Amino acid sequence: MAGDSSDIPLHIPDAPHRPGDESEFTDWPWKPEDLGMLEMDCSAEESSEHATGLVRVLGDDNSASGKWNPNLSPEDLKMGLEYMLRLRIFDDRMMKMQRTGKLSFYMRSFGEEAVAIAQTMALETQDWLFPTYRQPGAQFVRGRDMVSMICHCIGNEEDNVKGRQMPVHYTYKEGRFISVSSPVGTQFSQAVGVALASRYKDLDEVTITWIGDGASAEGDYHYALNFAAIFKAPVILNVVNNQWAISTHSNFASGLQNFAIRGIPYGIPSIRVDGNDFLALFSVTRWARERASMGLGPTHIEVLTYRAGAHSSSDDPSRYRPHDENEYWPGGDPIDRLKDHLISIGEWTEKDHDELSEKLDSEVMGAYKEAVKFGDLANGPYPSSDAIFTEVYETPPWHLMEQWEEMKKWRDE
Amino acid sequence: MAGDSSDIPLHIPDAPHRPGDESEFTDWPWKPEDLGMLEMDCSAEESSEHATGLVRVLGDDNSASGKWNPNLSPEDLKMGLEYMLRLRIFDDRMMKMQRTGKLSFYMRSFGEEAVAIAQTMALETQDWLFPTYRQPGAQFVRGRDMVSMICHCIGNEEDNVKGRQMPVHYTYKEGRFISVSSPVGTQFSQAVGVALASRYKDLDEVTITWIGDGASAEGDYHYALNFAAIFKAPVILNVVNNQWAISTHSNFASGLQNFAIRGIPYGIPSIRVDGNDFLALFSVTRWARERASMGLGPTHIEVLTYRAGAHSSSDDPSRYRPHDENEYWPGGDPIDRLKDHLISIGEWTEKDHDELSEKLDSEVMGAYKEAVKFGDLANGPYPSSDAIFTEVYETPPWHLMEQWEEMKKWRDE
Amino acid sequence: MPNMNMVESVNSALDTMLSNDEDVIIFGEDVGYFGGVFRTSDGLQEKFGKHRVFDSPLSEGGIAATAFGMGINGLRPVVEIQFADYIFPAYDQIVNEMAKVRHRSGGEFWCPVTIRTPAGGGIRGGHHHSQSPEAQFTHTPGLKVVYCSTPYNAKGLLISAIEDNDPVIFFEPKRCYRGPFYGDPHNVPTWGGHPEAEVPESHYSIPLGQARLALEGNDCTVIAWGAMVHVCEQAIKDSGISCDLIDLQTLVPWDKEAIEESISKTGRCVIVHEAPKTSGFGAEMVASIQERCFWSLESPIERVTGWDTPFPHTTEWDYMPGPDRIAAAIAKTQEN
Amino acid sequence: MPNMNMVESVNSALDTMLSNDEDVIIFGEDVGYFGGVFRTSDGLQEKFGKHRVFDSPLSEGGIAATAFGMGINGLRPVVEIQFADYIFPAYDQIVNEMAKVRHRSGGEFWCPVTIRTPAGGGIRGGHHHSQSPEAQFTHTPGLKVVYCSTPYNAKGLLISAIEDNDPVIFFEPKRCYRGPFYGDPHNVPTWGGHPEAEVPESHYSIPLGQARLALEGNDCTVIAWGAMVHVCEQAIKDSGISCDLIDLQTLVPWDKEAIEESISKTGRCVIVHEAPKTSGFGAEMVASIQERCFWSLESPIERVTGWDTPFPHTTEWDYMPGPDRIAAAIAKTQEN
Ligand SMILES: Cc1ncc(C[n+]2csc(CCOP(=O)(O)OP(=O)(O)O)c2C)c(N)n1
Ligand SMILES: Cc1ncc(C[n+]2csc(CCOP(=O)(O)OP(=O)(O)O)c2C)c(N)n1
Ligand SMILES: [Mg+2]
Ligand SMILES: [Mg+2]
């Protein structure tokens with residue numbers, strides 16, 4: 001039992017592979033046919049199999065099957081594919097901007113593009129999204145303009161956050177995408193409050209939120225599940241288990257290798273879903289939304305995926321995991337899998353795909369060119385530092401007014 | 001599903017009975033024969049039945065039976081009975097002292113006397129106890145003198161905490177009973193650190209800690225289970241579910257009516273035990289200690305009991321629950337149950353019991369008289385206020401020295 | 001006008017706001033069915049329904065987070081932290097989240113939450129039922145910090161806090177719930193007959209940021225908040241020195257005009273608080289006053305505060321500033 | 001003597017203490033295998049074994065609580081909070097628990113824990129990778145608070161902190177990890193050749209509570225800590241005014257003698273910190289100095305600080321005190 005720490009007096013877990021190791025994952029035993037649909041009003045316990053298993057729709061042969069198949073139209077699937085591909089191309093462009101000093105920092109969704117996109121597509125437009133930095137793709141689904149997203153990441157004059165926060169800390173109220181905060185985990189418990197407010201106002205609004213495998217060790221995770229269960233909040237609580245929290249493997253985030261089942265003793269139906277399977281994600285989320293909307297309370301979902309890229313532009317994962325570990329992830333790549341499915345059902349071709357890529361490339365490039373017109377970090381212009389003093393309070397109190405004057409004196413000298 | 005809140009837009013749980021209601025509890029389905037012993041190296045999952053069931057040894061007929069019967073000698077049982085009875089008599093005397101202003105505040109263990117006493121008896125003397133205010137009885141087992149306990153509660157010159165903390169915030173390092181802190185929950189996660197330090201030093205020391213049903217909603221509960229599981233700490237983590245957190249029913253502390261099973265998804269073997277059954281408590285704790293000592297890591301225990309008295313001397317439970325609810329608790333009274341068992345096996349008589357009560361009464365009274373010699377709150381003398389300045393740091397820095405001088409000036413004027 | 005103690009006036013403020021504004025919602029540990037361990041929400045669940053006033057799990061972090069979410073989604077939550085000593089598990093949610101959400105979101109989201117909490121010593125609460133942690137919130141931009149002292153200002157300030165669109169930390173001096181406290185533990189007056197206990201049943205408000213001139217005088221400015229206001233009143237009487245007594249009421253933003261005006265008149269100043277001296281809010285007051293009024297000052301500003309130690313139980317009267325220490329400080333300001 | 005940057009000197013302090021004392025144990029987020037996101041524990045797990053230096057779950061509250069328990073049971077844990085902005089989930093464990101356990105237990109238990117954390121701005125970290133929350137710890141009796149500024153004092157102070165039997169919060173100015181920062185973001189020197197970068201490999205310590213006189217002068221006392229020490233150095237040069245520059249090093253307990261001596265010489269004072277002005281530790285310094293040295297003061301003590309707003313991202317240079325603002329404040333103290 002003491003395992004790898006038998007020689008030392010403390011048991012310290014380790015990552016399965018470190019640099020120099022061969023990357024190896026055991027094949028997944030789970031198939032699309034494994035799991036039936038769950039009753040809407042199932043008890044937490046009745047969801048046990050779904051929490052210990054894995055909901056999949058896209059099989060190894062690229063076909064969609066099983067009880068959880070949402071039977072989406074080819075148009076919807078293509079839309080999903082387009083959003084995901086746009087996000088990947090967008091991310092790559094942003095990384096280049098970061099590397100050339102045009103923005104200060106960046107975080108990609110690489111390998112996890114399906115998560116926020118499929119889940120947001122499964123919701124209604126009045127539903128609230130309370131994301132981390134790894135779900136910016138949801139904004140595409142809600143119609144946000146890329147220029148405005150890039151301007152935020154630069155922190156230029158057109159940034160709707162006014163240069164106040166680091167890149168990727170989006171806010172987009174029009175799309176009910178709630179402001180991203182750096183302290184990990186805080187949104188998870190806050191989302192329960194958002195959901196309860198909707199319920200209090202008797203509106204058919206559901207709130208969805210996400211937390212990382214790492215961040216699920218924060219107290220906020222416990223608060224969220226407890227408050228959601230006790231007050232039956234219409235909230236969808238996702239743990240995105242992408243195996244890593246910066247350099248720390250999820251072995252340090254849980255004593256067991258399953259995050260889904262944690263919801264069950266709180267009394268929350270819990271499901272584990274293949275996070276790189278667009279269709280499974282859509283379906284599980286749709287189900288959770290219906291439950292919430294019917295007044296049946298929260299659903300807890302483990303989204304099983306893999307952080308294919310670096311944690312952020314400041315990170316070099318080859319220092320702590322095999323540089324090619326991502327290629328061995330049994331869940332594959334979410335874009336490839338949906339693409340291959342569409343091809344397999346005769347709704348897509350490699351040529352379509354290349355054309356789409358090109359179209360998106362030029363869209364992103366166009367947006368990029370448009371955005372930098374408002375300034376980039378290397379060259380300016382920068383947003384006015386007046387924004388330091390506004391919106392700290394609804395109205396600046398006297399001491400802020402005094403300091404603002406002083407700041408202007410120095411700035412304008 | 002919406003239950004009692006079908007008429008309002010939020011689901012708000014309620015207590016099963018409020019003043020004016022008839023107290024009613026469904027009969028317990030659990031019997032001493034239900035559950036087998038668990039393997040020492042069982043997995044968390046293998047403990048599921050023990051977490052959803054209830055470990056009992058003392059049956060409704062006062063006999064001891066089942067696989068968990070620790071087969072304690074009559075001497076040990078009588079010792080346990082004596083400790084419990086001493087605690088109850090001690091508590092009653094302290095309440096009287098509080099009512100007459102001789103001490104400022106008090107909290108009884110009424111109805112829960114078995115918990116700390118049986119559990120501490122099941123441990124070794126080198127093991128660490130990290131209690132809340134509801135486990136003072138452990139000190140009897142570790143040999144603490146009542147005079148010193150009363151002096152603490154008064155906060156007089158002989159208080160080893162030097163009048164700094166409220167009553168019942170005992171510390172007794174000699175008995176490895178770690179200082180009680182008011183903020184609930186904090187000790188639970190700290191205890192994991194205590195246990196890991198023992199492990200790091202390669203000592204056969206186990207740490208036991210307790211948290212209330214209410215306090216288990218704090219982040220510290222989550223930290224404790226997570227860190228204990230991940231680092232396999234030799235710790236025994238008890239949730240004392242006594243149904244109430246001041247006026248708040250445990251329905252507000254968990255979405256389900258089971259606290260034990262919460263440990264399972266962390267990977268911690270978890271057991272629910274009848275908290276008013278001295279033998280079951282002893283046995284489960286002994287088992288957990290052995291696991292910890294063998295390097296098998298933490299055990300999570302729900303101690304199912306009932307807070308028979310008021311939360312504290314400041315509380316009047318008849319404002320929020322039927323005044324006689326405690327009499328209907330299916331688990332009965334821990335002292336009566338052990339007494340009846342001893343009688344049923346011919347090792348005890350009512351007369352023995354009365355004699356013991358009298359002996360303890362006079363012991364407590366003697367200790368009380370001794371303690372008040374050192375001062376009580378109504379009449380003084382009080383401990384020196386010099387203690388305000390000592391032990392804030394190992395050595396008082398200059399600013400404390402200055403303030404100490406100033407305090408003395410005012411005090412001694 | 002009815003005579004209310006501070007428990008009743010806080011209750012009346014909550015009652016008024018629950019009646020006036022459907023978005024007001026109240027929760028916290030033991031505040032629902034039971035009406036709060038200090039009884040400040042007594043009767044409100046029965047009157048307004050348990051979707052408006054309810055108990056919460058024992059989790060200050062969860063309470064703050066839930067209030068945050070409700071706040072950004074249109075409600076106006078008023079939550080209770082049972083004792084100010086227990087606010088720290090919620091500290092991250094308050095200082096990193098509530099305080100910053102309006103700013104960080106470019107004004108898209110804001111958080112009109114009021115956090116009420118009984119604070120301060122004098123009830124033999126020892127380390128963890130006595131602290132007065134206001135200073136630990138005054139350093140965080142985005143928060144407003146209020147400390148009431150009487151039944152009248154408790155209601156008026158609490159209504160302003162609830163109506164405010166920024167997060168407000170609202171401290172209630174628990175020692176004054178049932179009567180003013182003049183620093184003598186053996187003298188336990190009630191609020192009966194006190195002019196500040198005449199509290200309208202109906203809605204009224206005291207603007208945040210405004211101090212209250214509790215006594216008027218010429219020779220020294222005494223600044224205090226919470227229970228210490230009454231102790232200062234006693235000390236001023238005892239000292240025989242003519243003083244302005246400024247009850248700050250709001251700590252952030254504090255009332256610049258009131259302070260500057262008084263100091264320029266008196267040239268001398270004593271600041272009093274229960275919390276430890278080092279980095280207490282008294283430090284900010286001294287620093288600001290010497291910056292703004294240096295040339296008016298005739299003598300050093302004195303601070304009379306709790307010691308830089310944990311709060312004791314048995315010997316709390318040797319810890320809390322009493323009239324004697326305050327009067328001596330006032331006298332000292334007159335020396336030069 | 002080798003030349004070390006501050007990452008290396010912190011690493012060297014940890015290495016020294018791991019070698020000298022078996023009870024020293026190091027953990028925190030990403031500090032084990034990877035060696036910390038700022039690389040301060042690089043190589044230590046490999047050298048000392050993973051029972052001495054290891055990763056923890058992402059849970060600052062859990063880290064602090066575990067350290068507390070280890071500390072009272074005989075170990076000497078040194079934990080890292082990845083950014084000082086993320087220390088708040090641990091705030092309750094620090095201020096209510098670690099700080100008070102020696103006192104509350106009548107000296108039966110104590111907590112020799114060191115909490116290291118990178119703090120301060122200048123790396124485009126926005127709201128939550130830039131804060132400098134030292135003041136929020138200085139108000140809590142039982143804690144010691146240290147803020148290093150150079151490779152040399154980082155190692156010497158960190159060793160003292162680890163050897164201390166009380167809990168110490170140890171701030172490292174992340175902007176200075178790889179070079180001093182003179183307030184000009186376009187000037188990015190390394191520590192190479194800097195006299196304060198000569199760091200012995202072996203054990204040495206700088207007593208807690210002792211300030212460092214970084215520059216000596218006659219006309220003004222400039223007090224700073226962390227990255228601001230270097231910015232002040234630049235400002236003093238720019239101002240052309242002869243100043244004492246006091247690098248406070250330890251905030252609690254601060255060096256009374258050094259401050260009093262300097263003020264009685266110069267009669268003028270400027271205090272500089274990055275954190276917001278209101279209730280920053282500058283307030284305490286002003287308050288204490290005017291209490292202790294009132295009659296020496298020739299002009300108001302100036303504070304140059306961050307604004308009372310969250311920390312911005314793009315425009316951080318308009319937020320952080322720069323040499324221009326500091327030099328002007330120094331000049332202002334000379335006016336009267
Ligand atoms: C409260 C807090 N502590 C630490 C950090 C620093 N940090 C940022 S992301 C991260 C890892 C998060 O891992 P995970 O939750 O698994 O999310 P992922 O990055 O994998 O999406 C850490 C430690 C933080 N942002 N907030
Ligand atoms: C952090 C914190 N919040 C609130 C309180 C006030 N308080 C003291 S005991 C208590 C109820 C505790 O209930 P439970 O955990 O079930 O323990 P029990 O009293 O039933 O043994 C509360 C709310 C506290 N002491 N600490
Ligand atoms: Mg992760
Ligand atoms: Mg309880």
Side-chain angles (χ1 to χ4, degrees), chain A residues 128 130 152 159-162 164-165 169-174 177-183 185-201 205 207 209 218-220 222-224 226-228 230-231 233 235 387-400 402, chain C residues 22-23 25 27 51-52 54-75 77 89-90 92-93 96-113 141-144 164-167 208-209 250 252-257 288 292:
Chain A
W128 289 100
F130 212 155
H152 159 62
D159 173 13
N160 67 332
V161 182
K162 302 171 188 169
R164 291 167 180 162
Q165 286 222 75
H169 288 62
Y170 299 102
T171 184
Y172 178 48
K173 190 170 193 172
E174 207 186 311
F177 179 103
I178 301 173
S179 164
V180 174
S181 191
S182 303
T186 51
Q187 75 290 345
F188 216 60
S189 47
Q190 293 163 358
V192 176
V194 174
L196 289 173
S198 295
R199 188 102 176 73
Y200 179 84
K201 294 184 273 179
E205 292 172 358
T207 302
T209 187
E218 295 283 359
D220 287 298
H222 182 51
Y223 309 151
N226 219 18
F227 278 68
I230 289 165
F231 299 116
V235 67
I388 295 174
F389 292 92
T390 51
E391 292 161 331
V392 178
Y393 296 93
E394 189 180 34
T395 320
W398 66 265
H399 62 297
L400 265 76
E402 280 190 4
Chain C
E22 274 219 336
D23 294 335
I25 187 168
F27 61 101
H51 62 305
R52 306 278 318 268
F54 52 90
D55 292 320
S56 79
L58 207 179
S59 167
E60 295 76 14
I63 291 169
T66 304
F68 177 106
M70 290 175 165
I72 63 169
N73 193 9
L75 302 189
D92 186 54
Q93 282 284 346
N96 266 341
E97 296 291 316
M98 286 188 188
K100 296 178 174 59
V101 67
R102 183 192 288 279
H103 193 71
R104 85 173 195 226
S105 69
E108 286 194 346
F109 298 94
W110 61 92
C111 191
V113 171
L143 301 179
K144 294 182 178 170
D164 199 278
N165 286 329
D166 291 311
L208 303 190
T250 303
V252 177
W254 52 276
D255 189 337
K256 176 177 58 118
E257 280 81 21
S288 286
R292 312 180 80 86

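Here the structure is a predicted model, which is why all the values come from computation and not from measurement.
Top candidate by heavy-atom pairs under 4.5 Å with chain C, chosen from A/F231, A/Y223, A/F130, A/F227, is A/F227. By number of non-hydrogen pairs under 4.5 angstrom with chain C, the leading residue of A/V392, A/D220, A/T207, A/T395 is A/V392. Interface summary for chain C: among A/S189, A/P397, A/S198, the most heavy-atom pairs under 4.5 angstrom belong to A/S189. Top candidate by heavy-atom pairs under 4.5 Å with chain C, chosen from A/I230, A/N160, A/L400, is A/N160. Contact count versus chain A (heavy atoms, under 4.5 Å) is highest, among C/H51, C/R102, C/R52, for C/R102. No other option in C/D23, C/D164, C/N165 has as many heavy-atom pairs under 4.5 Å with chain A as C/N165. In terms of non-hydrogen atom pairs under 4.5 Å with chain A, the most contact-rich of C/I25, C/V252, C/L75, C/V101 is C/L75. Interface summary for chain A: among C/G71, C/G74, C/G142, C/P253, the most heavy-atom pairs under 4.5 angstrom belong to C/G142.
The part of A/E205 that comes within reach of chain C is its side chain, from C-beta onward, which places non-hydrogen atoms under 4.5 angstrom from that chain. For chain C, the nearby part of A/A387 is the backbone; its heavy atoms alone come within less than 4.5 Å. For A/D159, no part sits under 4.5 Å from any heavy atom of chain C, backbone or side chain. Using a 4.5 Å cut-off between heavy atoms, A/Q165 contacts chain C through its side chain alone, with no backbone atom that close. Both the backbone and the side chain of A/I178 have a heavy atom closer than 4.5 Å to some heavy atom of chain C. For C/Q93, the part lying under 4.5 angstrom from a heavy atom of chain A is the side chain only. Contacts between A/F188 and chain C at a heavy-atom distance below 4.5 Å are absent for every atom of the residue. Contacts between A/E402 and chain C at a heavy-atom distance below 4.5 Å involve the side chain alone, from C-beta outward. Heavy atoms of C/K100 lying under 4.5 Å from chain A are absent altogether.
Under the 3.5 Å distance criterion, the side-chain polar atoms of C/E108 are matched with a main-chain donor or acceptor of A/Y172. Remark: the backbone N or O of A/Y393 is not paired with any side-chain donor or acceptor of C/W110 at under 3.5 angstrom. A donor-acceptor pair under 3.5 Å links the side-chain atoms of C/H103 to the main chain of A/T390, judged by distance alone.
A side-chain donor-acceptor contact under 3.5 Å links A/S181 and C/R104. No side-chain donor-acceptor contact under 3.5 Å links C/D92 and A/T186.
Considering all non-hydrogen atoms of both residues, C/N73 and A/K201 come closest at O-NZ, 2.7 Å.
Residues C/I72 and A/W128 are not in side-chain contact: their nearest non-hydrogen atoms beyond the backbone lie 4.5 Å or more apart. Annotation: side chain of C/S59 is not in contact with side chain of A/N226 (no heavy-atom distance under 4.5 Å).
From C/M98, atom CE reaches atom CD of A/Q190 across 8.0 Å, with rounding to the nearest 0.5 Å.
A/F177 is linked by a ring-ring contact (aromatic ring centres under 6.0 Å, His included) to nothing, counting only residues two or more places apart in sequence or in another chain.
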